[in-house]
Amino acid sequence: MPTVGWVRLEEITQMTCGIISVHTNALLMYLIIAKSPPKLGSYKWLMLYTSSFEFFYAFVNLFAGPSVHTYGSAFIVFQDMRNFLFSHQVAQFLVCLYCSCFGFSMAVFGGHFIYRYGAIDTVFREKYLAGAKQVLLYVFPFFYGILWGIICWVYYGETPERTEYLRDTMLENYRLNISDCAYISAHFWPFDEHRNVYPDSDSFLGIAIMWGILGSSAISVIYFGLACYRWLTKKLGEMESVSESMKSLQKQLFNALLIQSAIPLFLMYLPAGMVFIFPMLNTELNLKYPFIGLTIAVYPAIDPLPTMIIIRSYRRGCWELFRAITCRKNPRIDVHHSNLPSTTAAGTPKADNISSYLTN
């Protein structure tokens with residue numbers, strides 16, 4: 001498949017995934033608001049915050065689904081203007097907004113793991129997440145996203161040197177004149193007038209800040225993810241004061257978070273790392289099928305699914321909504337053959353069965 005055909009597939013994927021993402025994130029927002037278990041506490045607001053962002057991200061994907069390309073010591077994120085409805089300036093702003101959303105998403109991953117660890121470690125919660133301190137989990141993603149967008153606008157804007165360097169590769173791979181696209185680009189090792197390469201300070205300064213954002217997010221996910229895992233496997237079973245329903249909910253949330261961290265690892269972190277590392281090393285990535293833009297488009301469409309599937313109350317909410325839409329009635333329960341927990345002589349459920357009754 002020629003690259004231009006792959007770009008067409010990428011455009012179709014971005015449009016399709018954008019539509020799917022709007023619906024899946026809207027459904028998850030409804031479930032969070034209407035079906036969250038009481039023990040979820042204030043974490044539901046962080047989940048709602050993330051879902052609202054991904055809902056917005058889906059619309060950005062629909063209006064501006066840029067492609068990503070690497071060539072030599074440069075990478076470019078570009079929007080084909082030939083069939084674009086808006087002006088060149090608007091297209092360039094949307095490309096930067098698209099990249100800004102990417103930076104936002106990097107920060108919000110780490111925030112979820114920090115909150116989950118705080119939910120199970122009282123000392124950490126009281127020290128770092130008590131009261132107004134919790135607002136930082138909502139502020140930092142905005143700060144990271146805005147910072148990422150500013151880097152793209154200030155350091156990676158269009159320049160005559162970058163335009164000339166990328167002109168031939170755009171024609172060869174996309175049959176696209178670079179004057180017909182809006183783009184942001186970093187060129188790490190440009191040529192001087194004597195054809196000697198030199199490091200471009202703007203490109204390296206911008207990428208250093210981006211690596212800081214990626215690194216802090218990855219460190220938060222790894223450190224707090226491992227801390228949650230150790231706590232759940234070693235301490236949760238020993239704490240008799242914690243109800244079985246709370247233990248079950250914590251495990252469900254953590255399992256959902258593990259899957260949600262694997263999704264961005266393969267669809268966001270690794271593709272971004274490839275885009276950054278190879279041009280910095282002045283090494284041609286030479287991908288026949290440039291999948292990076294495609295994987296980033298898929299991410300917001302499938303990211304809500306683990307939460308809706310793993311957490312029981314949300315899974316039930318989906319089933320109830322499906323039954324309501326299809327006008328199906330709930331099945332009648334035969335009390336003589338139901339699987340209700342066994343009871344004592346007084347008619348009270350036995351203690352060892354209460355937890356399964358609450359969480360099943």
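Just so we're clear, the structure is a prediction, and the values are computed from it rather than from any experiment. FYI, side chains are in, hydrogens and waters are out, and symmetry mates aren't considered; it's all heavy atoms of this structure.
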Short side-chain to backbone donor-acceptor contact, [X] and [Y], under 3.5 Å:
X	Y	answer
T24	S21	yes
S217	I213	no
S203	A186	no
D192	R195	yes

ring-ring contact (aromatic ring centres under 6.0 Å, His included) involving [X] - partner list, sequence neighbours excluded:
X	answer
F276	F75, W211
Y117	F124, F224
F84	F86
Y57	F53

Closest heavy-atom pair and its distance - [X], [Y]:
X	Y	answer
L129	G118	CD1-CA, 3.9 Å
L267	T295	O-OG1, 3.3 Å
Q92	Y183	NE2-O, 3.4 Å
G110	S220	CA-CB, 3.8 Å

side-chain contact (heavy atoms from CB on, under 4.5 Å), that's the test. Do C181 and Q79 meet it? Break it down for me. CA-CA 5 Å; C181 68; Q79 176 68 54; 5.9 Å; no
Take Q89 and F93 through the test side-chain contact (heavy atoms from CB on, under 4.5 Å) and record every step on the way to the result. CA-CA 6 Å; Q89 289 76 16; F93 172 78; over 6 Å; no
Sequence neighbours excluded, every pair satisfying salt bridge (Lys or Arg N to Asp or Glu O under 4.0 Å) that has a member inside residues 196-222: R162-D200
Once salt bridge (Lys or Arg N to Asp or Glu O under 4.0 Å) is applied, what residue pairs with a partner in residues 15-31 remain, sequence neighbours excluded? none
Counting only heavy atoms not in [X] (residues, nucleotides, ligands), do more than 12 fall under 6.0 Å from its [atom1]?
X	atom1	answer
Y198	OH	yes
Y49	OH	yes
F204	CZ	yes
K133	NZ	yes

For L171, the rest of its hydrophobic cluster, which grows through side-chain links under 4.5 angstrom: none
Could you go through the side-chain contact (heavy atoms from CB on, under 4.5 Å) check for N177 and D180 one step at a time? CA-CA 5 Å; N177 193 317; D180 291 329; 3.6 Å; yes
side-chain contact (heavy atoms from CB on, under 4.5 Å) for V95 and C152? Distances and angles first, verdict last. CA-CA 9 Å; V95 170; C152 293; over 6 Å; no
Polar side chain donor-acceptor pair, S36 to Y43, under 3.5 angstrom: no
Would you please test Y115 and S42 for side-chain hydrogen bond (donor to acceptor under 3.5 Å, both in side chains) and show each step? CA-CA 10 Å; Y115 189 100; S42 60; 2.5 Å; yes
Here the side chain to side chain donor-acceptor pair (under 3.5 Å) pairs for residues 135-154, sequence neighbours left out, are Y144-S216
Please list all pairs passing the side chain to side chain donor-acceptor pair (under 3.5 Å) test where one or both residues lie in residues 94-107, with sequence neighbours left out. none
Would a 4.5 Å heavy-atom cut-off, applied to side chains only, mark N196 and F191 as touching? no
Point-to-point distance, once rounded to the nearest 0.5 Å, from [atom1] of [X] to [atom2] of [Y]:
X	Y	atom1	atom2	value
M15	I20	CE	CD1	12.5 Å
M280	F188	CE	CZ	6.0 Å
I207	L214	CD1	CG	8.0 Å
L31	L321	CG	CG	7.5 Å
F78	D80	CZ	CG	7.5 Å
D303	E54	CG	CD	4.0 Å

Do R323 and E320 sit within salt-bridge range, that is, some charged N less than 4.0 Å from a carboxylate O? no
Residues two or more places apart in sequence or in another chain: which of them pass side chain to side chain contact (heavy atoms under 4.5 Å, CB included) with S51? N25, L28, M29, I32
Name all residues meeting the side chain to side chain contact (heavy atoms under 4.5 Å, CB included) criterion together with I222; count only those two or more places apart in sequence or in a different chain, and write none if there are none. L226
Hphob cluster co-occupancy, [X] + [Y], side-chain heavy atoms under 4.5 angstrom:
X	Y	value
L85	L97	yes
V135	F104	no
I219	L137	no
V139	L46	no

If you draw the axis of the six-membered ring of F113, does the NZ or CZ of R116 fall within 45° of it and under 6.0 Å from the ring centre? no
Who pairs with H88 by side-chain hydrogen bond (donor to acceptor under 3.5 Å, both in side chains), at least two apart in sequence or on another chain? E158
Exactly one of S185, S67, P279 clears side chain to side chain contact (heavy atoms under 4.5 Å, CB included) with I76, and that residue is S185
Strictly under 6.0 Å, is that where the ring centroids of Y71 and Y165 end up? yes
